[in-house]
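A quick write-up on the structure given underneath.
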Amino acid sequence: MNIGTSMKDNEQLFRQRFQNCSDIQFRELTIKGGSKLLLIYVDGMIDTDVMTTNVLKPLIYEGLPQGVGTIDSLAELCELGLFAVMQNRKLTDDVEIVDAVLKGQAAIMAEDSSCALLLDCTKFETRGIEESSNEAALRGSRESFTEQLRTNTMMLRRIIPSPELKMESAQVGRLTKTNVVISYIEGLANDSVVNEIRSRIHRIKLDAILESSYIEESIEDTHFSPFPQMVITERPDIVSAGLMHGKIAVFTDGTPNVILVPMSFWDGLQAPDDFYERFLFASMNRWIRYIFAAFSILFPSIYIALTNYHPEMVPPKLMLSITGLRESSPFPTIIEIFLMEFMFEGLREAGIRLPKQIGPLVSIVGALVIGEAAVRAGIISAPIVIVVSAAGISSFVIPKYRFSFPFRMLRFPLLVLSGLFGLFGIALGIIAMFIHLINLTPFGTPYLAPVTPTIPGRIKHILLRWPRKLASANPPNNGADRA
């Protein structure tokens, strides 16, 4: 609905709209010449110095520019350049004016004027650019994204100053009206994937978008897969590298976590240092990660299968030692491992939730004191502590924390299968897991590509971090191993 020409009626209208909103400020001003103005803004969301210097002072003390006439020409002030230092626009719809004020703009209305002048003098208290705490790297940039959307897009634009880098804005969330930016490099990103992401984001019908995880859950293909289908990162260098590999980034206002799509299984096992260290060390570290990732999910179940069903596959001396250490334990092996796994997961969760000063202490006390006490009391045998600890520590080798979740979660059904059927049960579990991974195609991209479906020219980039000169001669994906 368009606002009227009476300033009093307009003030009453907006006071009703902002009823019981104590942070909304209504200020009536008398400018030079005697005309009245009404200023509406959210207290704490505007830069008062800029407002005073560039708006109030010229209007109150200096008056309107010569030739403007009476204040009813307020809507044309922006065209005359009076507020040239700020972005300004005029609106007539009350709903749009309310939305603009709640986003941090200041609205100015005048008598006999049926529009409002919106001034962009927004200022929020924000966190500065800091080092990433979740994605450590020995080399490379120390910068990480912040909660400010425009700061994040600025950091990306600074790395890729090219007009081919596109940034499309959208607004989602009925109540929060959260700003979202879809970023991609034209010519490298798949147009059909860009259109699909754009379409899915515009179809989101949630009341609130408080974090990028809301976007992630709303646009992902398979909700019940334990494997993440999108990379979540707070490092600008990872986002820029992903864009140059043809991926699409989704920025969400209010969070430093940026979504990268589509994701493959191998993306979860790559670390920033893969692209910053010399290729021999990077390739060796990549293989260490592959081995320990498999070790973290399989070691406890293989231990159960070998000790319970296939002891002939264990060296006799080692088997005798394990049997001797287990004599005092009152529980079967599978129960012992389940107890220790639950205890390990509980300690891990407690270490994350507790304050930084206490978290490491709880982990040390839990791992050393409780583990040692349980063994001495005969509740748990010593080999079980070694097996569970080794598997748990191996999961920390996975560079992306979210990607370690499926390895921890799938360890439990494999334990049950190995406890019931031995190595045959483990084989069944692995086959089921691979069938799921092969059929997982987030945004139409096979999750296990380029291994299956096999793309011979790109498999070598999964196995090794290829030297850059050779990589540029044989590009892995749309000509970009440019990280």
Side-chain angles (χ1 to χ4, degrees), residues 87 120 122 124 126-137 139-172 178-191 193-198 200-202 209 211-216 219 228-264 267-268 270-276 399-400 402 443 475-483:
Q87 293 183 358
D120 189 2
T122 309
F124 301 104
T126 58
R127 179 172 63 92
I129 298 174
E130 299 173 354
E131 186 174 352
S132 172
S133 57
N134 297 327
E135 298 171 275
R139 295 185 63 175
S141 170
R142 303 296 181 194
E143 292 182 342
S144 67
F145 290 125
T146 71
E147 286 74 16
Q148 272 283 80
L149 180 65
R150 280 304 161 204
T151 302
N152 297 341
T153 55
M154 175 274 295
M155 294 167 72
L156 183 61
R157 180 67 74 180
R158 194 178 60 187
I159 297 174
I160 311 175
S162 167
E164 296 172 4
L165 174 63
K166 305 299 180 186
M167 294 193 183
E168 298 181 9
S169 297
Q171 204 172 65
V172 289
T178 306
N179 291 320
V180 174
V181 169
I182 306 167
S183 181
Y184 58 94
I185 295 181
E186 193 174 45
L188 291 181
N190 188 316
D191 291 338
V193 178
V194 175
N195 292 333
E196 183 64 26
I197 292 173
R198 188 187 298 126
R200 292 187 190 188
I201 287 178
H202 283 111
I209 303 292
E211 215 275 338
S212 58
S213 61
Y214 287 60
I215 304 284
E216 181 188 6
I219 65 174
Q229 297 154 58
M230 302 173 203
V231 176
I232 305 296
T233 181
E234 55 184 24
R235 292 182 62 100
D237 52 348
I238 291 181
V239 172
S240 57
L243 294 181
M244 286 186 278
H245 279 78
K247 297 183 186 297
I248 298 105
V250 180
F251 293 83
T252 307
D253 196 16
T255 175
N257 297 312
V258 177
I259 297 172
L260 265 181
V261 292
M263 177 188 179
S264 75
D267 289 335
Q270 289 187 0
D273 287 324
D274 285 3
F275 302 98
Y276 298 141
K400 291 182 171 54
R402 295 173 74 248
F443 296 94
N477 183 15
N478 292 331
D481 185 11
R482 306 173 186 172

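Every residue meeting the side chain to side chain donor-acceptor pair (under 3.5 Å) condition with Glu216, not counting sequence neighbours, appears here in chain and number order: Arg402. Residues meeting the side chain to side chain donor-acceptor pair (under 3.5 Å) test with Glu168, sequence neighbours left out: Tyr184, Arg198. Shown here are the side chain to side chain donor-acceptor pair (under 3.5 Å) partners of Thr151, two or more places apart in sequence or in another chain: there are none. For the salt bridge (Lys or Arg N to Asp or Glu O under 4.0 Å) test, residues two or more places apart in sequence or in another chain that qualify with Asp274 are Arg286, Arg289. Ser240 is linked by a side chain to side chain donor-acceptor pair (under 3.5 Å) to nothing, counting only residues two or more places apart in sequence or in another chain. With sequence neighbours left out, the salt bridge (Lys or Arg N to Asp or Glu O under 4.0 Å) criterion links Glu131 to Arg142. Partners of Ser169 under the side chain to side chain contact (heavy atoms under 4.5 Å, CB included) rule, at least two apart in sequence or in another chain, are Arg150, Val181. Residues forming a side chain to side chain contact (heavy atoms under 4.5 Å, CB included) with Glu147 (at least two apart in sequence, or on another chain): Arg127, Pro256. Partners of Glu211 according to the salt bridge (Lys or Arg N to Asp or Glu O under 4.0 Å) rule, which considers only residues two or more places apart in sequence or in another chain, do not exist here. In terms of the salt bridge (Lys or Arg N to Asp or Glu O under 4.0 Å) criterion, residue partners of Arg200 (sequence neighbours excluded) are, by chain and number, Glu196, Asp221. In this view, Arg158 and Glu143 satisfy the side chain to side chain contact (heavy atoms under 4.5 Å, CB included) rule, not counting sequence neighbours. The side chain to side chain contact (heavy atoms under 4.5 Å, CB included) search around Gln171 returns Lys103, Lys177, Asn179, not counting sequence neighbours.
Taking both residues in full, the closest heavy atoms of Ser183 and Leu165 are given as OG-CD1, 3.4 Å, listed atom of the first, atom of the second, then distance. Closest approach of Ala170 to Ile201, counting heavy atoms only: CB-CG2, 4.4 Å. When all heavy atoms of Met155 and Ser144 are compared, the closest pair comes out as CE-O, 3.5 Å. Residues Gly242 and Leu260 approach most closely at CA-CD1, 4.2 Å, considering heavy atoms. Taking every heavy atom of both residues into account, Ile248 and Ala189 meet most closely at CG1-CB, 4.2 Å. Glu135 and Glu234 get closest at one heavy-atom pair: OE1-N, 2.8 Å.
Thr122 and Asp120 are linked by a side-chain donor-acceptor pair at a separation below 3.5 angstrom, with hydrogens and angles left out of the test.
Looking at Ile232 and Ile259, their side chains come closer than 4.5 Å, going by heavy atoms from C-beta outward. Taking 4.5 Å as the limit, some side-chain heavy atom of Met167 sits within range of a side-chain heavy atom of Leu156. Residues Phe443 and Lys247 are not in side-chain contact: their nearest non-hydrogen atoms beyond the backbone lie 4.5 Å or more apart. Val239 places a side-chain heavy atom less than 4.5 Å from the side chain of Phe251. No side-chain heavy atom of Leu188 sits under 4.5 Å from any side-chain heavy atom of Leu243.
Interatomic distance, His245 NE2 to Ile185 CD1, rounded to the nearest 0.5 Å: 11.0 Å. For the atom pair OH (Tyr276) and CG (Asp237), the distance works out to 3.0 Å, reported to the nearest 0.5 Å. Residue Ile197 holds its CD1 atom at 6.0 Å from CD1 of Ile219, rounded to the nearest 0.5 Å. The CD atom of Gln229 lies 9.5 Å from the CE atom of Met263; values are rounded to the nearest 0.5 Å. Atoms CZ and CD1, from Phe145 and Ile238 in turn, are 9.5 Å apart once rounded to the nearest 0.5 Å. If you take CE on Met154 and CD1 on Ile159, they are separated by 10.0 Å, rounding to the nearest 0.5 Å.
Side chain of Arg157 to backbone of Asn152: no donor-acceptor contact under 3.5 angstrom is found.
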